[in-house]
Amino acid sequence: MHFKILIVDDEKNIREGLAESLEMDGYPVETAADGDAAFKRFQKGDIDLVITDLKMPGLSGEELLKRVVSETPGIPVIVLTGHGTVANAVAAMRNGAIDFLTKPVDLDHLSSIVKRELQRRERDLKHRQIEEELEHRQHFKTMVGTSAPMRQVFDTVSRAAPSKASILITGESGVGKELVADAIHELSPRKGKPLIKVHCAALAASILESELFGHEKGSFTGATSRTRGRFELAHEGTLFLDEIGEIDQNVQIKLLRVLQEKKFERVGGEETIEVDVRIVAATNKDLKTEIDKGAFREDLYYRLNVVNIQVPPLRERKDDLPLLITAFLKEFAAENGKTLEGIDDKARSALYAYDWPGNVRELRNCMESAVVMTRGPVITAEDLPPTVRTQNDSGWIRIPLGTTLEESEKIIIRDTLSAHHGNKSKTAEVLAMGRKTLHRKLAEWGGEEEAMHEAGSESTQENW
Ligand SMILES: Nc1ncnc2c1ncn2[C@@H]1O[C@H](COP(=O)(O)OP(=O)(O)OP(=O)(O)O)[C@@H](O)[C@H]1O
Ligand SMILES: [Mg+2]
């Protein structure tokens with residue numbers, strides 16, 4: 001985050017001296033020569049820390065402090081005071097100032113206080129944002145995520161859900177396809193009507209057919225009574241066909257007919273049944289390849305894939321990790337009756353460095369086992385499963401021979417960024433490069449996505 005500092009002092013030299021020093025530390029700084037001007041500027045917004053003199057003509061520093069703090073509770077305000085007036089500073093602390101500096105100001109001291117307070121501010125804001133996110137997810141029930149790719153998923157879900165259009169959800173195993181299906185139903189006018197789920201891969205072809213369409217008594221051995229199928233049960237609601245890539249040709253034909261005509265017959269039956277069902281299907285297979293192989297009907301594919309929702313793998317949206325980790329920690333701490341404070345830096349780094357081939361499901365399992373295993377109130381790297389713990393905590397960056405200079409630079413920056421949980425300031429510091437240069441490079445490589453981050457809320461782009 002770009003934290004902006006406001007410096008208020010009626011003495012030009014002091015004002016400008018402090019501003020220059022903080023600008024050299026890399027902060028954007030604005031100045032004001034009196035309390036009134038300062039408060040006006042403050043009300044315009046985007047000030048994250050205020051440094052103010054106490055004695056000024058017009059609106060005093062004390063009064064400015066009170067107004068600023070009541071406007072933005074929790075904002076760090078540092079007061080400046082001359083020698084011999086420390087009592088005033090103490091009074092200011094009572095009114096909400098976070099610290100004070102005596103004049104002449106020791107610039108190193110100033111620098112360290114500002115750094116400490118802005119880090120604290122960032123943590124507070126991050127924490128509050130996570131809490132808010134967790135509260136705001138009722139629409140998507142248990143589904144959390146603020147990364148650009150997930151926002152796109154939520155956006156498509158919100159727009160497509162109210163319609164009757166068939167939706168095909170694609171994505172690797174464990175990315176959350178079923179949760180997306182739940183959200184679609186919840187956000188549709190069919191909410192309150194049945195959401196029926198069929199796990200197509202789990203059933204043999206003949207059984208799947210009768211599961212879906214029902215059967216008449218005596219239609220096959222064991223069919224001792226007439227049974228209604230899932231299509232009938234889902235009437236006026238939603239039918240979720242999971243692992244749709246697994247169904248055989250026969251069922252595909254029957255499915256195609258229901259999609260086209262909204263009609264079918266039960267297995268062994270004559271009666272034509274009409275239903276009003278919204279179809280949501282999911283697969284982790286590439287259906288195009290299945291079509292090329294002749295294993296999946298192209299016409300059915302187009303009927304199912306009116307709207308396509310691709311849920312990206314977790315490794316491509318690591319911005320979601322902090323939120324997911326917090327959500328799972330809460331869930332499993334409650335379930336296990338434990339009080340947990342959080343997770344330490346080393347464990348966080350390991351979670352961040354790991355590739356998550358099993359996606360969110362793997363992360364969820366990992367957090368459950370960590371909560372169960374941990375002895376203390378804080379999850380440490382030792383509490384994580386060995387596969388997660390040992391990946392990439394070598395402290396080394398490996399670059400294959402033959403890599404171009406340009407490509408090497410990318411690897412170095414990305415790995416360093418990853419090792420610092422996406423914290424760009426820290427990454428720039430470690431690599432001894434300018435923040436602006438880093439931002440520019442990331443924006444260039446990230447293309448549109450990074451640009452979106454830059455333009456959109458600050459919340460997702462920084463560290464956690
Ligand atoms: N964004 C998310 N927020 C919270 N939990 C999630 C999220 N995505 C997935 N999960 C959890 O991860 C697990 C796997 O999700 P889900 O079953 O929806 O995945 P899937 O894509 O259907 O996987 P598969 O292809 O293996 O069926 C579930 O426990 C789910 O609750
Ligand atoms: Mg699933």
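Side-chain atoms are counted along with the backbone in the values below, which use heavy atoms only and exclude waters and symmetry mates. First listed ligand is number 1; within each ligand, the first listed atom is number 1. Only a predicted model underlies this, so the values are computations on that prediction, with no experimental measurement involved.
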Visitor: Any N or O on M150 sitting closer than 3.5 Å to an N or O of ligand 1?
Guide: no
Visitor: Where's the contact between N359 and ligand 1, heavy-atom distance under 4.0 Å: side chain, backbone, both or neither?
Guide: neither
Visitor: Counting heavy atoms only, name the option from A282, G171, A181, S173 that's nearest to atom 26 (O) of ligand 1.
Guide: S173
Visitor: Any nitrogen or oxygen of V144, main chain or side chain, under 3.5 Å from a nitrogen or oxygen of ligand 1?
Guide: yes
Visitor: Give yes or no for whether the N/O distance cutoff of 3.5 Å, strictly under, is met between F328 and ligand 1.
Guide: no
Visitor: Before accepting this row, confirm whether a basic side-chain N of the pair R41/D46 lies closer than 4.0 Å to the acidic partner's carboxylate O.
Guide: yes
Visitor: Quick check on side chain to side chain contact (heavy atoms under 4.5 Å, CB included): which of L179, I169, V307, T238 does I184 satisfy it with?
Guide: I169
Visitor: Give the ring-plane orientation class for W356 versus Y354, where under 30° counts as parallel, over 60° as perpendicular and anything between as tilted.
Guide: perpendicular
Visitor: Within ligand 1, which atoms have a heavy atom of L324 less than 4.0 Å away?
Guide: 2 (C), 3 (N), 4 (C)
Visitor: At a 4.0 Å threshold, what atoms of ligand 1 neighbour a non-hydrogen atom of N284?
Guide: 25 (O)
Visitor: Which label fits F213 and F231: parallel for a plane angle under 30°, tilted from 30 to 60°, or perpendicular past 60°?
Guide: parallel
Visitor: Return a yes/no value for R317: is any of its N or O atoms, backbone included, closer than 3.5 angstrom to an N or O of ligand 1?
Guide: no
Visitor: Can you figure out which of E178, R361, E331 has its heavy atom closest to atom 12 (O) of ligand 1?
Guide: R361
Visitor: Charged N to carboxylate O below 4.0 Å: is that the case for K410 and E406?
Guide: no
Visitor: Any idea which atoms of ligand 1 are less than 4.0 Å away from a heavy-atom of G176?
Guide: 8 (N), 9 (C), 15 (O), 16 (P), 18 (O), 19 (O), 20 (P), 21 (O)
Visitor: Scan R151, R159, Q152 and name whichever one has a side-chain hydrogen bond (donor to acceptor under 3.5 Å, both in side chains) with D155.
Guide: R159
Visitor: Measuring from atom 21 (O) of ligand 1, which candidate in K285, K177, M143 has the nearest non-hydrogen atom?
Guide: K177
Visitor: Give yes or no for whether the N/O distance cutoff of 3.5 Å, strictly under, is met between E243 and ligand 1.
Guide: no
Visitor: Are any of the side-chain nitrogens in R317 or D320 under 4.0 Å away from the carboxylate oxygens of its partner?
Guide: yes
Visitor: Between E172 and K177, does any NZ, NE, NH1 or NH2 come within less than 4.0 Å of an OD or OE carboxylate oxygen?
Guide: no
Visitor: Should A327 be listed as contacting ligand 1, given a heavy-atom distance under 4.0 Å as the test?
Guide: no
Visitor: To the nearest 0.5 Å, how far apart are NE2 in H215 and CD in E209?
Guide: 11.5 Å
